[in-house]
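Below is one structure, written out as structure tokens; comments come after it.
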Amino acid sequence: MVTSLRTHVCGELRASHAGETVRLGGWVHRSRDLGGLVFIDLRDRSGLVQLSFGPAWSSADAIAAAAAVGVESVVLVEGIVVERTEAQRNSDMATGDVDVQVTSVRVVGPAETPAFPVAPAKSDKLPSEELRLRHRYLDLRRSELQRSLMLRHRLMQSTRRFLDARGFLELETPILTKPTPEGARDYLVPSRVHAGEFYALPQSPQIYKQLFMCAGYDRYFQIARCFRDEDLRADRQPEFTQIDIEASFVGQEDILSVAEQLIRELWGTAGVPAQSPFPRMTYAHAMEHYGCDRPDLRYDLQLHDMTSVFATSDLPFLQAAIARGERVRGLRVPGGGTMSRKQTDELEQLAKGAGASGLLVIKCTTEGLDGKVAKSLAAGAGDALGLNAGDLGLYVTGADHFASPALDRIRQSVAQRLQLIPQNTHAFVIVTDFPMFERDPVTGVLGAVHHPFTAPHPDDISLLGSTPERARALAYDIVYDGLELGGGSIRISDPALQARIFSLLGIDDATANARFGFLLEALRSGAPPHGGIAFGLDRIAMLLSGATSLRDVIAFPKTTAARALFEGAPSPVPPDDLAELSLRVANRSEVVA
RNA sequence: GGAGGCGUAGCUCAGUUUGGUUAGAGCACUCGACUGUCACUCGAGAGGUCGCGGGUUCGAGCCCCGUCGCUUCCGCCA
């Protein structure tokens, strides 16, 4: 940090430095001109320190310069660290016990009035996202973003140290790679040399890391940039970073063990507690009891099967549903009886929006059950439903693949409305035994839940020929507060099994060879058992820094329209550039030459 | 692709409901005063394509149509 231009950084000065002559460089954070005295809060990435200018120790020129310099200008100063008197101390600042009495000052980087305040008043809101992105160099000066990016750096270094110490090799994979029709849309890069042909930017290094395993690099990791051309969200950017891990001669437990330790390491780096071991849950259990594959275990609102209780009701639509083999599932909301009719109506709308046919609402009061369906239930149904006075029961009937997501939405909404989510508490869970396949609800075609290289559970190989949709995979996710931190699987290392899975997915030999031939060849050349996992680094950095948007942990993010406002990408290119790539833009009228 | 929110001074916003004189406030900025401030204080001043285009109207920041940008969600994201 010490250079030929400075002896210290702003944030490190303490009373113990009193009497030392120091040279500092930094940005003018704020200044206060009292006439005879001028104070400047000088900022660098280490923090703030107060410079003081006064006639007893500064030249008249220095005082004049200090009074005139604008905020966000860069200055070099030399001065003496002095301990402040008791009355002058500022306990809100780490350096608040000292001033630097400046003897000389040089404005080396004068600043125009910034487009928005870098040092906002406490009452100020943040400027608009658009402005922050357009002037990203200013936004990045704010302490929140500096803290987030510094945390992100520490997380990356922790990852490297942790994995290096365990024998993982950091290996790079191509950015210019092969288009994959599966999964997300690819970003394509035209080839100049080969007219009409395209590279794709990688959606993940999946196949490459499997090739490393086939090549004997039996522990690999990479902090890998990935690209997916899909619409954005607050937690989704078109380019993002994964902590990508793969290892050979491993089973599921080996990977999960490393993953859990790495997560503990990262949480430790951020100073956030992480209890371990992480609880485990199968996919089937998660869907049955929480209605989703990434349950938020910070609160306990579980779904229960109440079919038998409602079977005794005399409501025709319920009888019909149960006769069709549908179940009635729902949740008991302790203390939910306080919810108004309007609120429960909103819950019903939410359930319908998520695909449910409706929502049965039963309130349990000291006088008994209350609600449209309550009187149709047999006496004592309240006990069977497990409802106590003051509770609310919410029930959905329907096929599980409609009812479960709907119940999940209701769970989450109720937890929020009734503030059942404890603050400063976090919950990990490892979800295992994901299904291999899911059927497209419209076409009935099988698709891979994870990806087509995922190994089936050894106990379920026999199901592949009969009911493949019931087969489980050796695939797993690590979930934190209801968010997916990462996921992975044991891969198929047997080329015959891989061919069989492709066939089930409707990928014929010729197609498989054209798309994944290089992987299949490698599998035939002597492939060790292998598997891995990938974590979303951006999301982890976001969670651990307390940011609410991925944009606040990525130095130069894209807008929700996938534009880079600062540098102005994407942009049209001159016709000559297109010609060299053998490209023509379809609708020329829309292109600004 | 769809639905919602936002767009007024450099920044954050009020004003739009019910169209009507010169579009306001705080902060920032400029000038002046001030020797212990730390969101310094006080005085004065400057600062506007009401996102853009079109329409209705005697008259539009306000109403209508279109469009652009930012954002949240749904679809999408093996």
Side-chain angles (χ1 to χ4, degrees), chain A residues 29-42 48-58 63 67-68 70-72 82 84-93 95-96 99 101 111-135 138-139 180-186 203-204 206-207 226-238 240 350 353-355 405 409 434 436-438 440 445-454 473 475 484 487 489 501 505 507 515-516 536 548-549 551 558-563 565:
Chain A
H29 189 66
R30 229 190 285 277
S31 65
R32 294 169 292 279
D33 179 357
L34 273 61
L37 291 178
V38 178
F39 297 97
I40 287 177
D41 295 334
L42 191 68
L48 294 171
V49 69
Q50 177 167 272
L51 310 177
S52 68
F53 298 76
W57 59 89
S58 311
I63 296 175
V71 292
E72 295 309 313
V82 297
R84 299 195 203 177
T85 66
E86 195 60 42
Q88 292 168 0
R89 294 207 172 132
N90 183 345
S91 57
D92 295 336
M93 278 172 78
T95 60
D99 279 342
Q101 292 190 337
E112 297 171 357
T113 302
F116 59 85
V118 176
K122 283 165 189 153
S123 59
D124 277 0
K125 281 194 190 172
L126 275 183
S128 72
E129 193 91 27
E130 182 176 2
L131 208 66
R132 291 173 52 202
L133 290 171
R134 204 174 289 286
H135 304 279
L138 280 181
D139 204 28
T180 51
E182 279 75 25
R185 271 187 289 271
D186 285 318
Q203 296 180 29
S204 85
Q206 180 60 37
I207 291 177
C226 305
F227 306 85
R228 294 180 190 173
D229 187 4
E230 297 294 345
D231 288 343
L232 279 63
R233 291 286 187 280
D235 62 351
R236 231 159 63 194
Q237 281 275 307
F240 59 98
L350 201 65
R409 290 285 290 276
F434 275 78
M436 279 289 284
F437 309 103
E438 61 193 342
D440 185 302
V445 173
L446 279 188
V449 167
H450 189 51
H451 58 55
F453 318 114
T454 302
E484 182 191 330
S489 63
I501 298 298
L505 290 169
I507 304 173
R515 292 179 189 170
F516 313 115
T548 52
S549 164
R551 292 184 296 272
K558 306 287 188 285
T559 68
T560 51
R563 279 194 180 279
L565 293 184

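Quick note on labels: first sequence line is chain A, next is B, and so on, each numbered from 1. Keep in mind the model is a prediction, meaning the values are calculated, not measured.
- D33(A) places its CG atom 13 Å from the C1' atom of C31(B), with the value rounded to the nearest Å.
- Counting non-hydrogen atoms under 4.0 angstrom, S58(A) reaches nothing in the nucleic acid.
- Between the C1' atoms of U41(B) and G36(B), the separation comes to 13 Å (whole Å).
- Contact annotation for R551(A): backbone-only contact, meaning every heavy-atom pair under 4.0 Å involves sugar-phosphate atoms and none involves a base.
- Here, U21(B) and C6(B) have their P atoms 25 Å apart, quoted to the whole Å.
- L126(A) comes within 4.0 angstrom of the backbone, heavy atoms only, and of no base.
- Taking the C1' atoms as reference points, C65(B) lies 48 Å from C31(B), given to the whole Å.
- Distance CZ (F53(A)) to P (C38(B)): 18 Å, rounded to an integer number of Å.
- Between the CZ atom of R563(A) and the C1' atom of G69(B) there is a distance of 10 Å, given to the nearest Å.
- Residues F227(A) and F240(A) share a closest heavy-atom pair of N-CE2, 4.4 Å.
- Between the CZ atom of R32(A) and the C1' atom of U35(B) there is a distance of 14 Å, given to the nearest Å.
- Using atom P as the reference point in both C38(B) and A25(B), the two lie 25 Å apart (nearest Å).
- When the P atom of C13(B) is taken as reference, atom CZ of F116(A) falls 14 Å away, rounded to whole Å.
- With a 3.5 Å ceiling on both atom-pair distances, the Watson-Crick or G-U wobble partner of C70(B) is G5(B).
- As judged by a 4.0 angstrom heavy-atom cut-off over every strand, Q50(A) is placed among the base-contacting residues.
- Comparing C76(B) with G2(B), their P atoms are spaced 16 Å from each other, to the whole Å.
- Here the separation of C34(B) from G69(B), taken at their C1' atoms, is 45 Å to the nearest Å.
- Distances shown here put a side-chain N or O of K125(A) below 4.0 Å from the OP1 or OP2 atom of C13(B).
- If you check every strand for non-hydrogen atoms under 4.0 Å, P127(A) touches sugar and phosphate atoms only.
- Between the C1' atom of C70(B) and the CZ atom of R132(A) lies a distance of 12 Å, rounded to the nearest Å.
- Looking at heavy-atom distances under 4.0 Å, T560(A) makes contact with a base.
- Ion pairing between a basic and an acidic side chain is recognised when a charged N comes within 4.0 Å of a carboxylate O; R551(A) and E129(A) show such pairing.
- Distance M436(A) CE to A78(B) P: 16 Å, rounded to the nearest Å.
- Nucleotides G53(B) and A9(B) place their P atoms 16 Å apart, quoted to the nearest Å.
- Among the atoms of the strands shown, none is found under 4.0 Å from any heavy atom of D229(A).
- Base engagement by D99(A) is indicated by at least one non-hydrogen atom pair under 4.0 Å involving a base atom.
- Here A56(A) lies out of heavy-atom contact (under 4.0 Å) with every strand.
- Base pairing analysis places A33(B) opposite U41(B); the two distances defining the Watson-Crick or G-U wobble pair are each below 3.5 Å.
- The side chain of T113(A) contributes no N or O atom lying less than 4.0 Å from OP1 or OP2 of C29(B).
- G47(B) is unpaired under the Watson-Crick or G-U wobble criterion, no partner having all donor-acceptor distances under 3.5 Å.
- For the C1' atoms, the distance from G15(B) to G24(B) is 8 Å, rounded to whole Å.
- The residue among T559(A) and Q206(A) whose nearest nucleotide of RNA chain B lies closer to the 5′ end is T559(A).
- Both L34(A) and A448(A) lie near RNA chain B, and the one whose nearest nucleotide falls closer to the 5' end is L34(A).
- Across all strands, P120(A) comes closer than 4.0 Å to no nucleic acid atom at all (heavy-atom distances).
- Taking 3.5 Å as the limit, the base of C77(B) and the side chain of R228(A) contain no donor-acceptor pair of atoms between them.
- At a cut-off of 3.5 angstrom, counting only N and O atoms as typed in the model, there is a donor on one side and an acceptor on the other between the side-chain of R233(A) and the base of G75(B).
- Rounded to the nearest 0.5 angstrom, D229(A) CG and Q203(A) CD are separated by 9.5 Å.
- Residue R30(A) is in sugar-phosphate contact alone, with no base atom involved, counting any heavy-atom pair closer than 4.0 Å across all strands shown.
- Whole-Å rounding puts the I40(A) CD1 to G36(B) C1' distance at 15 Å.
- V449(A) comes within 4.0 angstrom of sugar-phosphate atoms only, judged by non-hydrogen atoms across all strands, and of no base.
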